[in-house]
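Encoded as structure tokens, the structure appears first; notes follow it.
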Amino acid sequence: MNIKNYIEKNQQRFIDELVELLKIPSVSADPNFKKEVLMTADAVKINLEAAGCDKVEICETPGNPIVYGEKIIDESLPTVLVYGHYDVQPPDPLELWNSPPFDPVIEKTEIHPEGAIFARGACDDKGQMYMHVKALEIMIQNDELPCNVKFMIEGEEEVGSVSLEWFLEHNQEKLANDVILISDTGMISKEVPSITTGLRGLSYVEVEVESPNRDLHSGLYGGAVANPINILSKMIASLHDDNNHITIPGFYDKVEVLSELEREKMAEAPFDLEDYKNHIGITDVHGEKGYSTNERNSIRPTLDVNGIWGGYIGEGAKTVIPSKAFAKISMRLVPNQDWREITDLFKTHFESIAPKSVKVKVTPHHGGQGYVTPIDSIEYKAADLAFHDVFGKAAVPQRSGGSIPIVSLFEKYLQSKTVLMGFGLNSDAIHSPNEHFGIWNYLKGIETIPYFYKHFTKLYLETNH
Ligand code: BES
Ligand code: MN
Ligand code: MN
């Protein structure tokens with residue numbers, strides 16, 4: 001294949017096009033950016049057309065539009081459905097960015113001596129999604145597209161993919177495919193390609209604790225009425241025991257138990273604890289007793305406070321007992337845990353541990369199921385062979401701690417399996433200030449993807465069809 005040549009000749013344009021896409025602030029969490037979200041959907045449409053899709057449409061949904069594109073070359077050949085998202089996380093806190101989040105710059109870093117693009121969405125997921133658009137261009141231009149392709153690029157992933165479920169339900173025929181291909185995860189390192197074989201589920205809730213009906217003078221009332229922040233802190237602290245086990249009754253009932261053999265295999269993945277600590281500036285790791293760091297952030301469920309607020313947080317000191325305290329809490333779940341069930345368990349437990357002196361409200365936000373991919377499938381083999389062709393070695397299967405809740409629904413509505421070929425690195429700072437994506441990773445992704453198509457089509461035609 002003539003892929004490497006094509007990339008070398010066109011790499012500056014590939015970078016420039018991504019930079020243009022990154023300039024549009026498609027923040028799905030903030031309704032103030034609705035116009036920019038729509039502009040980004042349009043830009044994705046134009047790019048899919050330019051890459052060679054025959055039919056591209058902006059599909060309206062109850063929420064943000066989904067961009068659908070296709071190139072059908074022969075009904076008897078298999079179809080790859082590419083999924084990605086054009087929406088991004090809010091860039092906050094802005095003051096911690098070294099350059100404006102929507103004004104992309106290319107800087108060298110220790111890990112990326114070839115340079116990395118710094119912008120919100122550079123890696124998650126505009127950069128990784130766009131690799132697929134460029135890979136399609138290459139395959140079409142080289143006359144080497146071996147199968148049919150469909151693209152489904154959504155704009156609500158970062159807020160729970162609410163409209164996508166609706167879209168899947170109503171477009172099952174249009175979206176029919178033989179495999180779903182996603183680049184929205186990471187790889188172990190530039191030297192160690194990996195295929196993500198698991199994603200965690202998620203239950204996200206908000207809690208409110210209320211005591212007096214107004215803020216009170218903390219001298220006149222202090223000591224005699226419940227302080228909602230004190231109470232909320234204590235309730236939250238009680239959700240873990242001394243072994244960092246979650247204390248919600250029934251929480252672990254359905255957690256998948258891995259065999260010793262599987263755990264041994266996991267432990268073979270390259271991991272350096274000192275590096276890990278240094279990268280994120282922690283003095284020690286922390287987590288559930290009896291599990292390694294890699295297990296804690298992949299095969300074990302968690303409960304974390306994402307934000308907590310209430311009372312006076314302005315300049316100086318104000319003596320006050322606040323009326324209310326709030327927290328946002330996420331629980332990462334593992335296969336077999338049902339997110340709705342876990343949300344109910346949380347609600348029941350949280351309400352039950354509240355003292356009589358306060359009122360408690362638990363409001364569920366969104367959630368989703370975890371996912372594990374088989375590794376004895378033709379799609380896994382195809383991905384592995386593709387990495388082999390480009391990196392000269394097999395990929396390491398790795399369960400990720402992150403969530404892409406829609407993946408389990410792909411199986412439900414489209415009856416197809418998903419392959420997660422990620423090219424990001426943990427150090428890319430997704431969701432954080434100074435998010436970036438290595439130019440090397442971007443171009444390697446573009447180079448690897450066409451090999452997936454080639455191997456998948458071949459294996460597909462050889463095996464079942
Ligand atoms: N791309 C991420 C998920 C991810 C990143 C998985 C790296 C594995 C490795 C995705 O955009 C994301 O951020 N998902 C959210 C869930 C969503 C419901 C807000 C997450 O994991 O917090
Ligand atoms: Mn993502
Ligand atoms: Mn994300």
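Just so it is clear, the structure is predicted and the values come from calculations on it, not from any experiment. Whatever order the structure lists ligands and atoms in, that order sets their numbers, starting from 1.
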Could you tell me whether some N/O pair between Ser403 and ligand 1 is separated by less than 3.5 angstrom?
-> yes
May I ask whether Asp124 has any heavy atom positioned less than 4.0 angstrom from an atom of ligand 1?
-> yes
Mind checking whether Phe151 and Tyr68 have ring centres under 6.0 Å apart?
-> no
Could you tell me the angle subtended at the Mn ion (ligand 2) by OD1 of Asp184 and NE2 of His85, rounded to 10°?
-> 100°
2.8 Å cut-off met by an N, O or S atom of Glu158 to the Mn ion (ligand 3) = yes
Any chance you could lay out the side chain to side chain donor-acceptor pair (under 3.5 Å) test for Asp389 and His455, step after step, and finish with the verdict?
-> CA-CA 10 Å; Asp389 286 345; His455 290 297; 2.6 Å; yes
Taking both backbone and side-chain atoms of Asp184, is any N or O found less than 3.5 Å from an N or O belonging to ligand 1?
-> yes
Do we get Arg300 above Tyr291's six-membered ring, with its NZ or CZ under 6.0 Å from the centre and within 45° of the axis?
-> yes
His366 near ligand 1 by a heavy-atom separation under 4.0 Å = yes
Strictly under 4.0 Å, does any heavy atom of Leu420 approach an atom of ligand 1?
-> no
Sub-4.0 Å heavy-atom contact, His85 with ligand 1 | yes
Which is closest to atom 22 (O) of ligand 1 in terms of heavy atoms, Glu157, Arg332, Glu158?
-> Arg332
